[in-house]
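So the structure is just underneath, and the comments pick up after that.
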Amino acid sequence: MDLKGKIILAPIAGITDSPFRQICMEHGADVSYSELVSADGLMRGSKKTVKLMEFSEKERPYGIQIFGGTIEAMSAAAESASELHPDFIDINLGCSVPKIIKQGYGSALLKSLSHLKDIVTAVVSSTRLPVSAKIRIGFNSVRGVDIAKVLEKCGVSFIAVHGRLAVQQFTGEADWSEIKRIKESVSIPVIGNGDIKTPQQAKKLWEESKVDAIMIGRAAFGHPWIFSQIKSFIMTGSFEEVSLEERMDLLREHYQAACGRGNIKEKLREMRKHFHWYMKGVPYSKQYKERINRTEDLEEVMEIISKIKTRS
Ligand SMILES: Cc1cc2nc3c(=O)[nH]c(=O)nc-3n(C[C@H](O)[C@H](O)[C@H](O)COP(=O)(O)O)c2cc1C
């Protein structure tokens with residue numbers, strides 16, 4: 001897979017589901033990942049976990065991200081994920097949620113490079129697909145270069161680096177100088193990630209760090225246009241702002257895609273956070289947000305969106 005110059009949607013548990021991934025791909029994202037998929041959950045045969053891996057052709061190139069801590073579970077997860085024919089299998093080495101770290105999963109695997117090597121080698125030999133890894137720059141001290149070199153030796157095809165330590169969770173700032181050092185020290189492609197909020201920032205960090213590709217997470221919440229805006233800014237030095245009308249049209253599409261399958265009431269509840277994000281910066285939106293938080297009726301949602309749209 002050629003990653004040079006690509007803008008990639010980050011995996012975000014609870015948010016980057018199939019409808020959202022499709023929307024981002026339609027708006028300029030070049031690669032997408034599943035939300036994190038539990039290797040233990042797959043071993044237990046959890047239907048909810050299996051469902052997390054599903055995707056549509058529009059989301060390709062698409063990677064299934066697995067997390068776990070034993071060779072047995074991670075190898076089995078790589079095998080079962082491969083049966084769905086994604087484009088790559090990604091190993092989560094960045095999750096810093098206490099519940100996951102306590103089990104020795106996610107970023108906790110960065111604590112011991114020999115254990116990391118065993119797990120990653122096992123995953124690489126369990127699938128014919130390319131295997132990638134998404135890492136932090138260390139667990140509690142910076143050792144991104146050592147980690148990246150181990151991964152490269154294990155046969156990982158590319159890495160995405162979130163420029164924070166695991167213990168930082170989401171505090172402080174992403175350290176792009178360490179991302180740059182990692183890029184300079186390995187021959188596999190490196191994707192830079194962390195704190196890119198605007199097209200201007202994307203261009204600056206990309207040029208300074210010389211990474212192969214960049215990954216966008218939170219800046220896409222309620223604003224999937226970020227991908228095409230970054231591309232436009234890099235190519236032409238400018239980008240178009242999005243009108244309220246366009247925002248509401250896409251929000252409507254997003255609701256329709258999300259509510260098209262599964263339990264509608266559940267989907268409407270899940271979509272509330274997206275509604276709030278699409279409304280960011282819209283004046284006098286409190287009343288609409290309150291209604292969205294109460295309603296369990298898709299028609300009412302559509303009515304609210306039309307009302308907001310006619311204000312534009
Ligand atoms: C709510 C939330 C959930 C996340 N879930 C995942 C995940 O499932 N897998 C993963 O590798 N990273 C996950 N991340 C980390 C993001 O992929 C990304 O590395 C991080 O948000 C930094 O990028 P950003 O500043 O562009 O958002 C999550 C982040 C947030 C805020």
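Atoms within a ligand are numbered from 1 in the order they appear, just like the ligands themselves.
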Looking only at protein heavy atoms, which one is nearest to [atom], and how far off is it?
atom: atom 6 (C) of ligand 1; result: P11 O, 3.1 Å
atom: atom 19 (O) of ligand 1; result: N193 OD1, 2.6 Å
atom: atom 9 (N) of ligand 1; result: Q65 OE1, 2.8 Å
atom: atom 12 (N) of ligand 1; result: K134 NZ, 3.0 Å
atom: atom 21 (O) of ligand 1; result: F170 CE2, 3.5 Å
atom: atom 26 (O) of ligand 1; result: G217 N, 2.8 Å
atom: atom 5 (N) of ligand 1; result: A13 N, 2.9 Å

Is it true that the side chains of [X] and [Y] contain a donor and an acceptor less than 3.5 Å apart?
X: E303; Y: S306; value: no
X: S18; Y: E54; value: no
X: E35; Y: Q65; value: no

Going by distance only, is there an N or O of [X] that falls short of 3.5 Å from an N or O of ligand 1?
X: D195; result: yes
X: I12; result: no
X: R164; result: no
X: I15; result: no
X: A10; result: no

Query raised in the report: Is K203 salt-bridged to E207, cutoff N-O under 4.0 Å?
Result: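 Here K203 pairs with E207 in a salt bridge, since their nearest N and O are under 4.0 Å apart.
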Query raised in the report: Quick one: do R269 and E266 make a salt bridge, cutoff under 4.0 Å?
Result: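 Here R269 does not pair with E266 in a salt bridge, since their nearest N and O are not under 4.0 Å apart.
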Requested in this report: With heavy atoms of N92 as the reference, note each atom of ligand 1 found under 4.0 Å away.
Outcome: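 Heavy-atom distances to N92 below 4.0 Å select 9 (N), 10 (C), 11 (O).
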Requested in this report: Ignoring hydrogens and angles, tell me if any N or O in the side chain of R136 forms a donor-acceptor pair with the backbone of G94 under 3.5 Å.
Outcome: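 Present.
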Requested in this report: Using modelled atom types only, decide if a donor and an acceptor are shared between the side chain of Q201 and the backbone of K197 within a distance under 3.5 Å.
Outcome: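 Checking the backbone N and O of K197 against the side chain of Q201, a donor-acceptor pair under 3.5 Å is found.
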Requested in this report: Answer side chain, backbone, both or neither: which part of L36 comes under 4.0 Å from ligand 1, heavy atoms only.
Outcome: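 For L36, backbone and side-chain atoms both sit under 4.0 Å from ligand 1.
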**Report entry** Mode of R218 contact toward ligand 1 - side chain, backbone, both, neither (heavy atoms, under 4.0 Å)
**Finding:**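 For R218, backbone and side-chain atoms both sit under 4.0 Å from ligand 1.
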Report task. Could you walk me through whether D90 and K134 pass the salt bridge (Lys or Arg N to Asp or Glu O under 4.0 Å) test, one step at a time? Result -> CA-CA 7 Å; D90 184 71; K134 182 160 175 288; over 6 Å; no
Query raised in the report: Under a heavy-atom criterion of less than 4.0 Å, does G194 contact ligand 1?
Result: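 For ligand 1, residue contact (heavy atoms, under 4.0 Å) with G194 is present.
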**Report entry** Verdict with reasoning, R181 to E184, per salt bridge (Lys or Arg N to Asp or Glu O under 4.0 Å)
**Finding:** CA-CA 5 Å; R181 270 192 289 278; E184 286 162 356; over 6 Å; no
Report task. First locate atom CD1 of I119, then atom NZ of K117, and finally report the distance between them rounded to the nearest 0.5 Å. Result ->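 That separation rounds to 12.5 Å.
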